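Worksheet: the structure to be examined is printed underneath.
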2 protein chains.
Amino acid sequence: MELDNRKIQILKAIIETYLETGEPVGSRTISKINGLNVSSATIRNEMVDLEEMGLIVQPHTSAGRVPTDKGYRLYVDRLMEERTRDISKLTRFFSRRMDRVENVLKSMANMLSADTNYTAMVTGPRYMRNELKLIQLAYLDASHLIAVIVVEGNVARNKIIPVKERLTNEDLLKLNILLNSALQGKSLDDLTLKHIARLKEEAGPYRDVVGEVLNAISEVVYKEQNEPPEVYTSGKMNIFRYPELAEGTMAERILTVLEDKGRITDLFERDSGSGGIRVYIGGETPMPAMQNCAVVTTEYDFGKGLRGRIGIIGPKRMDYEHVVSTLKTLMEEMDRIYHADNREEM
Amino acid sequence: MELDNRKIQILKAIIETYLETGEPVGSRTISKINGLNVSSATIRNEMVDLEEMGLIVQPHTSAGRVPTDKGYRLYVDRLMEERTRDISKLTRFFSRRMDRVENVLKSMANMLSADTNYTAMVTGPRYMRNELKLIQLAYLDASHLIAVIVVEGNVARNKIIPVKERLTNEDLLKLNILLNSALQGKSLDDLTLKHIARLKEEAGPYRDVVGEVLNAISEVVYKEQNEPPEVYTSGKMNIFRYPELAEGTMAERILTVLEDKGRITDLFERDSGSGGIRVYIGGETPMPAMQNCAVVTTEYDFGKGLRGRIGIIGPKRMDYEHVVSTLKTLMEEMDRIYHADNREEM
DNA sequence: GGTTAGCAATCAACAGACACGAGTGCTAAC
DNA sequence: GTTAGCACTCGTGTCTGTTGATTGCTAACC
């Protein structure tokens with residue numbers, strides 16, 4: 001069947017009305033929209049066609065029509081008009097003196113949920129190639145050293161190492177030089193047993209300390225690489241604004257998924273091959289709990305391998321235009337700020 | 001009216017039955033409990049008295065009785081029997097190689113919520129007297145230094161400082177010695193303008209770097225001291241197990257409070273003067289959203305000023321015996337481990 | 001005087017009956 | 001191809017009657 005111009009107009013009107021109200025849309029409501037001067041009976045005839053095409057359904061006889069996932073998909077792909085966004089709010093947190101990555105991500109999530117009234121989630125960056133940038137040992141007290149480990153992207157972690165024998169300051173200095181010259185620029189994959197054996201040998205009496213430092217490195221870096229990244233969330237309770245997500249045990253099931261960092265990461269990183277904004281509608285998400293949800297995600301990039309994903313989660317009748325344009329504008333701003341010139345610090 | 005022995009027995013039976021079922025308890029149910037060989041009619045007479053005393057109420061005529069806040073309070077204060085707890089589960093995470101505080105607190109929260117089926121929340125430690133223990137500067141790359149700041153309790157934070165001129169390694173070493181000899185053992189309150197001026201003077205050409213380091217210290221330490229502490233939560237979704245907390249908009253309202261670190265801190269730290277375990281029942285909490293909840297909190301202490309609070313949040317018909325004895329045993333174990341001998345590392 | 005059996009009264013919960021309104025599908029006329 | 005009109009469907013809200021649990025009261029009992 002032909003999806004002619006009038007059918008498209010009617011479908012768009014149905015979807016946009018449903019986005020606002022959340023109630024099934026009847027033929028009479030559509031016929032009253034100006035620009036489309038036909039009677040409700042005509043609309044009804046067209047609706048039957050749209051229903052045959054699988055774009056809308058009736059929840060029950062004698063109810064209005066509701067868009068199907070396929071209908072939303074058509075809308076998102078072809079009908080939606082791009083809105084330009086006011087970027088003053090979006091960039092406020094970039095313009096402040098640059099903070100650590102976590103804080104930027106947190107405030108991004110806060111802004112997004114406040115701006116959209118949906119739930120915003122931002123996954124912490126995954127470090128793809130964790131080159132060691134600096135290792136620094138220092139005495140903390142008589143029996144403990146602190147090892148500070150900095151990897152590419154200026155992410156610093158520390159680990160406290162108990163020591164038995166007392167090292168002199170000079171020895172500590174030598175140890176620092178030894179560790180840095182051996183390990184700087186290396187990633188976990190580069191560190192073979194051979195390297196480690198040689199390093200330990202060179203450390204002589206302090207081989208145990210070197211061993212502990214290497215343990216600390218692998219623990220810190222490995223964990224960062226393999227565990228699901230941190231997830232910053234904001235506006236989880238917004239799901240209660242939408243009755244179709246709050247009724248029955250829906251809210252519980254959705255919130256349970258949102259609590260699970262691993263599942264959020266899976267959700268956001270599905271076929272995330274190419275860049276750009278992805279929209280998953282209802283059954284397109286892998287989670288049964290999220291059949292009534294839509295998820296919009298995109299990748300962010302702070303440069304230097306600091307990449308993660310941003311996601312907006314809301315009802316299927318989400319204001320796609322708003323969400324997509326907000327994310328798009330945010331990404332453009334971010335690109336402008338972090339990729340034009342070098343950032344000062346992070 | 002006299003609260004004689006039989007009345008107490010009946011009240012206890014009502015409360016304990018209600019804790020299990022969550023349904024109003026009728027006179028017949030109580031009369032069937034062995035040990036109390038009286039008819040339902042007698043129980044009814046006693047119930048009228050208990051109701052007059054404000055310990056139980058009927059949700060409506062011809063329904064069974066439900067404990068009031070006052071009834072729970074009497075139960076918690078006087079009727080509850082202490083159970084001894086199997087501590088094998090409780091101490092598992094203490095016996096593992098000592099991790100950073102955050103991880104211990106996280107796993108404590110996880111264990112508590114899994115063990116009780118309620119929500120567990122642990123506030124991060126507040127550092128009462130943040131003495132500086134170590135300041136360590138190192139070159140990260142040509143134009144950035146990293147300053148590692150360690151305070152009492154071995155909590156390390158880092159801050160990246162951009163520098164214009166290139167310092168030699170020797171200068172850096174001198175700067176480290178200068179900073180540490182001037183600042184070690186000092187807290188924020190000790191640092192007067194006079195100190196700072198002298199320190200800057202001594203730093204000579206590197207006064208700007210010293211200034212930046214001091215900024216970093218005040219930023220890191222001040223923030224830690226004045227913002228609400230981190231809150232680690234586990235089992236938030238457990239509230240959906242209890243219909244009286246899940247129905248209507250209750251769940252939303254409770255979860256909204258639980259999302260708010262500031263309000264959680266307020267909730268836990270109410271008149272937390274003396275130690276021990278505190279129980280807040282229904283209206284005794286300051287939050288209107290938590291009228292149907294009970295909150296059990298206690299203070300933990302890792303030593304060296306690392307103190308915060310643990311809280312269990314559940315329905316008013318919470319298994320108080322279980323929760324209180326779990327927390328008590330946990331605190332005793334913690335005391336044994338952290339206060340008997342010195343801990344190895346944190 | 002305390003205890004108990006018996007009984008009427010109360011009320012939530014549930015199910016069936018009914019009217020109402022929104023919305024559709026179909027048909028005949030334009 | 002479009003429209004008006006009408007019968008039909010079905011969710012929603014209201015009312016009514018029934019059932020079952022539980023109470024309070026009273027009179028009899030120990």
Side-chain angles (χ1 to χ4, degrees), chain A residues 1-11 13-15 17-18 20-68 71 243-244 247-248, chain B residues 1-11 13-15 17-18 20-68 71 243-244 247-248:
Chain A
M1 191 176 310
E2 189 64 35
L3 193 63
D4 61 29
N5 205 40
R6 194 171 67 183
K7 282 194 175 56
I8 286 181
Q9 258 192 294
I10 291 172
L11 178 63
I14 291 172
I15 293 181
T17 309
Y18 186 68
E20 272 178 40
T21 63
E23 298 289 313
V25 184
S27 55
R28 193 135 183 287
T29 314
I30 299 299
S31 76
K32 275 184 295 190
I33 292 176
N34 51 5
L36 200 62
N37 296 315
V38 288
S39 77
S40 63
T42 311
I43 303 286
R44 280 203 286 282
N45 289 329
E46 298 285 40
M47 279 175 154
V48 174
D49 294 348
L50 289 171
E51 188 156 8
E52 266 175 33
M53 286 185 256
L55 298 170
I56 55 179
V57 277
Q58 279 183 288
H60 55 85
T61 8
S62 89
R65 303 305 212 284
V66 164
T68 61
E244 67 268 43
E247 71 179 357
Chain B
M1 192 175 314
E2 189 64 33
L3 193 65
D4 61 27
N5 205 40
R6 193 170 68 182
K7 282 194 176 57
I8 287 181
Q9 257 193 295
I10 291 171
L11 178 63
I14 292 171
I15 294 181
T17 309
Y18 186 69
E20 271 177 42
T21 63
E23 299 288 314
V25 184
S27 55
R28 192 135 184 285
T29 315
I30 299 298
S31 75
K32 275 184 294 191
I33 292 176
N34 51 5
L36 200 60
N37 295 316
V38 286
S39 77
S40 63
T42 311
I43 304 285
R44 281 201 286 283
N45 288 330
E46 298 286 39
M47 278 174 155
V48 174
D49 295 347
L50 289 170
E51 189 158 6
E52 267 174 33
M53 286 185 255
L55 298 170
I56 54 179
V57 277
Q58 279 182 288
H60 54 86
T61 6
S62 88
R65 303 305 211 284
V66 164
T68 61
E244 67 268 41
E247 71 179 356

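Below, each value reflects all heavy atoms present in this structure, side chains not excepted, and no hydrogens, waters or symmetry copies. Note that the structure is predicted; figures quoted are calculated from it, not measured. Below, chains carry the letters A, B, ... as their sequence lines are ordered, and counting in each starts from 1.
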Between Arg44(A) (CZ) and dA7(D) (P), how many Å, whole number?
15 Å
Return the pairing partner of dT16(D) with a 3.5 Å limit on both distances, Watson-Crick or G-U wobble; otherwise return none.
dA15(C)
Using heavy-atom distances to pick each residue's nearest nucleotide on DNA chain C, tell me which of Asn45(B) and Thr29(A) is more 5'.
Asn45(B)
Does Ser39(B) put a side-chain nitrogen or oxygen below 4.0 Å from OP1 or OP2 of dT3(C)?
no
Can you name the one residue among Ile10(A), Asn5(A), Leu3(A) that meets side-chain contact (heavy atoms from CB on, under 4.5 Å) with Lys7(A)?
Leu3(A)
Asp49(A) CG to dT24(C) C1', straight-line distance once rounded to whole Å
15 Å
With a 4.0 Å cut-off on heavy atoms, is Ala41(B) in touch with a base, just the backbone sugar-phosphate, or nothing at all?
base
Side-chain heavy-atom pair Ile15(B), Leu11(B) within 4.5 angstrom cut-off
yes
Can you check whether Arg65(B) has a side-chain N or O nearer than 4.0 Å to OP1 or OP2 of dA21(D)?
no
Please tell me if Arg6(A) has a side-chain N or O lying less than 4.0 Å from either OP1 or OP2 of dT2(D).
yes
How close or far is atom P of dG24(D) from atom CD1 of Ile56(B), stated in whole angstroms?
9 Å
State which of dT3(C), dC11(C), dC7(C) makes the closest approach to the side chain of Thr61(B).
dC11(C)
Minimum heavy-atom separation for Pro24(B) and Tyr18(B), please, with both atom names.
N-CE1, 4.1 Å
Correct closest heavy-atom pair for Thr68(B) and Gly54(B) would be OG1-O, 2.7 Å
Using atom CD of Gln58(A) as one end and atom C1' of dC10(D) as the other, report the distance to the nearest whole Å.
10 Å
Rounded to whole Å, please give me the gap between NE2 in His60(A) and C1' in dG23(C).
9 Å
Would you say Ser62(A) reaches dG11(D)'s phosphate, i.e. side-chain N/O to OP1/OP2 under 4.0 Å?
no
Starting from P on dG23(C), measure out to CD on Glu23(A) and report it in whole angstrom.
10 Å
In whole angstrom, give the distance that lies between atom CD of Glu51(A) and atom C1' of dT24(C).
10 Å
Does any part of the side chain of Ile43(A), heavy atoms only, come nearer than 4.5 Å to the side chain of Arg28(A), both counted from C-beta?
no
Sugar-phosphate, base or nothing in reach of Ser27(A), heavy atoms under 4.0 Å:
sugar-phosphate
Please report the distance, rounded to the nearest Å, between CD1 in Ile10(A) and P in dT24(C).
12 Å
Under 4.0 angstrom between Thr42(B) side-chain N/O and dT3(C) OP1 or OP2
no
